Amino acid sequence: MSFDVAVAFRKSTGRAKSDVANKLVSMFLHEVSRKACVAGGMTVSDPRYAESVVNAFGQQCFYCGKELESDRATVEHLDGMNRFRVGLHVPGNVAMACKRCNNEKRRDDQNPNLYLAENGWESFLSHDGIRCVPSCKTCVYWVSILPDKETRRTSLGVARERVRRFQEPYDRFVHWSANARDSIRQKIEVLYRDCQNFATAEIGKLTAGVALDFASSEAPKSKD
Ligand SMILES: [Zn+2]
Ligand SMILES: [Zn+2]
């Protein structure tokens, strides 16, 4: 695969600014999650929750079924904690996945509009290589893991069903999150916009005070 250095450099400027806003969004979602856990009477840190995750999925990635080793395992939010998916750190939305699936799923989590399913996890497990355009990278990923068409379709269906069964005891969190999503998303948009505006204004003000006197600038004196 060819790599365009110029494009990478161009993108890095925009990303530096949105990273700050995205971090605030994540902090906001964690705080909402904390309150929701209190209201719902259970937290993700509760040992009983970890036990139910292991009961449902064993020591395996709940997407691809690979055995999880400590260096390949990562905490996964079924709906990503970002401004598009508005996922929360609450029971029913947190499990363990392999780093590879976690990484591949980002495309669905960061897609403003999902067309295969309503939720990030469900969308990720719906790329069966049939319904998307041939160039779909997530479909290509699943084809690489499950080359046989029929096996792929069945395995992804089984994985989706397993997630649904796992979520059943946490229905109250799943339903509350779904109902609250639009309202939380609106607040996130305000936070995101305000952060960007603040950053632009403040940085503009401060950079105006940076002296750009190239002409009168001398070479720094050496220390010896
Ligand atoms: Zn996986
Ligand atoms: Zn696809």
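In this chain, residues are counted from 1 in sequence order. Worth saying up front: this structure is predicted, and the values here are computed from it rather than measured. Every number for a ligand or one of its atoms is a count from 1 in the order of the listing.
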(request) Output, by chain and residue number, all protein N/O/S atoms separated from the Zn ion (ligand 2) by less than 2.8 Å. (result) H127 ND1, C132 SG, C136 SG, C139 SG
(request) Supply the atom-to-atom distance E118 CD to L114 CG, rounded to the nearest 0.5 angstrom. (result) 9.5 Å
(request) Inspect the surroundings of CZ in R164 and state if more than 12 heavy atoms from other residues, nucleotides or ligands are less than 6.0 Å away. (result) yes
(message) Measuring from atom CD of E104 to atom SG of C98, what distance do you get when rounded to the nearest 0.5 angstrom?
(response) 9.0 Å
(request) Identify, with sequence neighbours excluded, every residue that meets side chain to side chain contact (heavy atoms under 4.5 Å, CB included) alongside E150. (result) D148, R153, T154
(message) Using 30° and 60° as the class boundaries, would you call the ring planes of F166 and Y49 parallel, tilted or perpendicular?
(response) tilted
(request) Among Ile, Leu, Val, Met, Phe, Trp and Tyr joined by side-chain contacts under 4.5 Å, find the other residues sharing a cluster with L206 and list them by chain and number. (result) none
(request) Anything protein N, O or S sitting under 2.8 Å from the Zn ion (ligand 1): count it and give me the total. (result) 4
(message) Does atom OH (Y115) have a neighbourhood of more than 12 heavy atoms from anything else shown, all under 6.0 Å?
(response) yes
(request) Please work out whether the ring planes of Y63 and F124 are parallel, tilted or perpendicular, with thresholds of 30° and 60°. (result) perpendicular
(request) Would you check if the side chain of S123 reaches a backbone N or O of G120 as a donor-acceptor pair within less than 3.5 Å? (result) no
